[in-house]
Amino acid sequence: MLKICAQCKCGSCLQIFRSFGPAVGHVHTSEALRAGLGAVVGLGLTGLLLLSPSIDLEWGRYLVAPFGATSVLLFAVPNSPLAQPWSAVIGNTVAALVAVTVCLLVSDPLIRVVASVGLAISVTMMCRA
């Protein structure tokens, strides 16, 4: 039985608790603020484009999730392979083309969602995006 107390000298208690911690290393406050500000600026500019009179606001709502997810990658983990220009631009473009194609070909809403996500993942992986 594992003894968990302040008098534990072996360090095993601390080791067990550390294993539940995050896998990401400590981030400096300025780096976290820079990432957050980058996302605010990027999504703010996207929002301004969506407010253009020539764009239908109903369609603009669908852009929030992919742009939000891409913002996390670009600004929070910029060295990730998924945050590189090819993955960000081609990945979003290919996924959108797949989703639009599925929506034009499939009438059932549930099948549209499931097929769009599954095919988008497969096609973007094949494009190495």
Side-chain angles (χ1 to χ4, degrees):
M1 180 154 183
L2 186 65
K3 181 180 174 186
I4 301 175
C5 65
Q7 285 79 27
C8 181
K9 303 273 192 238
C10 67
S12 63
C13 298
L14 185 58
Q15 187 73 15
I16 290 172
F17 287 123
R18 282 189 181 159
S19 68
F20 291 111
V24 179
H26 180 72
V27 176
H28 196 274
T29 304
S30 62
E31 184 67 18
L33 292 174
R34 182 202 59 80
L37 181 63
V40 167
V41 170
L43 290 173
L45 291 173
T46 303
L48 286 175
L49 290 173
L50 291 175
L51 293 176
S52 169
S54 63
I55 295 179
D56 181 12
L57 287 179
E58 187 66 29
W59 285 99
R61 283 190 214 145
Y62 296 111
L63 297 176
V64 173
F67 284 148
T70 301
S71 293
V72 170
L73 291 172
L74 291 176
F75 298 111
V77 284
N79 293 329
S80 165
L82 296 176
Q84 303 310 308
W86 176 264
S87 295
V89 175
I90 300 302
N92 280 317
T93 303
V94 166
L97 290 172
V98 166
V100 168
T101 303
V102 169
C103 286
L104 291 174
L105 297 175
V106 178
S107 60
D108 183 77
L110 178 62
I111 296 174
R112 279 182 180 176
V113 172
V114 173
S116 293
V117 172
L119 287 173
I121 289 171
S122 297
V123 173
T124 54
M125 288 179 73
M126 287 188 278
C127 292
R128 296 181 19 204

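The basis for the numbers below is simple: all heavy atoms, side chains too, and nothing from hydrogens, waters or symmetry mates.
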Examine [X] and [Y] and state if one hydrophobic cluster contains both, with Ile, Leu, Val, Met, Phe, Trp and Tyr joined whenever side-chain heavy atoms are less than 4.5 Å apart.
X: Met126; Y: Val94; value: yes
X: Leu104; Y: Leu97; value: no
X: Val123; Y: Val106; value: yes
X: Val77; Y: Leu82; value: yes
X: Leu73; Y: Ile90; value: no

TODO: Might you point out which heavy atoms bring Ala83 and Pro78 nearest each other, and give the distance in Å?
DONE: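 What the structure gives for the nearest pair is CB-O, 3.7 Å.
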TODO: Search all heavy atoms of Arg112 against all heavy atoms of Val102 and return the closest pair with its distance.
DONE: O-CG1, 3.7 Å
TODO: Show which residues join Phe75 in its hydrophobic cluster (side-chain heavy-atom contacts under 4.5 Å, direct or indirect), or state none.
DONE: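 Noted: Phe75 shares its cluster with Leu74.
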Open item on the list: Who clusters with Met125? Use side-chain heavy atoms, under 4.5 angstrom, across I, L, V, M, F, W and Y, and order the result by chain and number.
Closed with: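 When side chains under 4.5 Å apart are linked, the cluster holding Met125 also contains Val117, Ile121.
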Counting only N and O atoms by type, is there a donor-acceptor contact under 3.5 Å from the side chain of [X] to the main-chain atoms of [Y]?
X: Ser122; Y: Gly118; value: yes
X: Ser116; Y: Val98; value: no
X: Trp86; Y: Gly91; value: no

Open item on the list: A side-chain contact here means heavy atoms from C-beta on lying under 4.5 Å apart; do Arg128 and Pro81 qualify?
Closed with: no
Open item on the list: Measuring from atom CG of Leu105 to atom CD1 of Ile111, what distance do you get when rounded to the nearest 0.5 angstrom?
Closed with: 12.5 Å
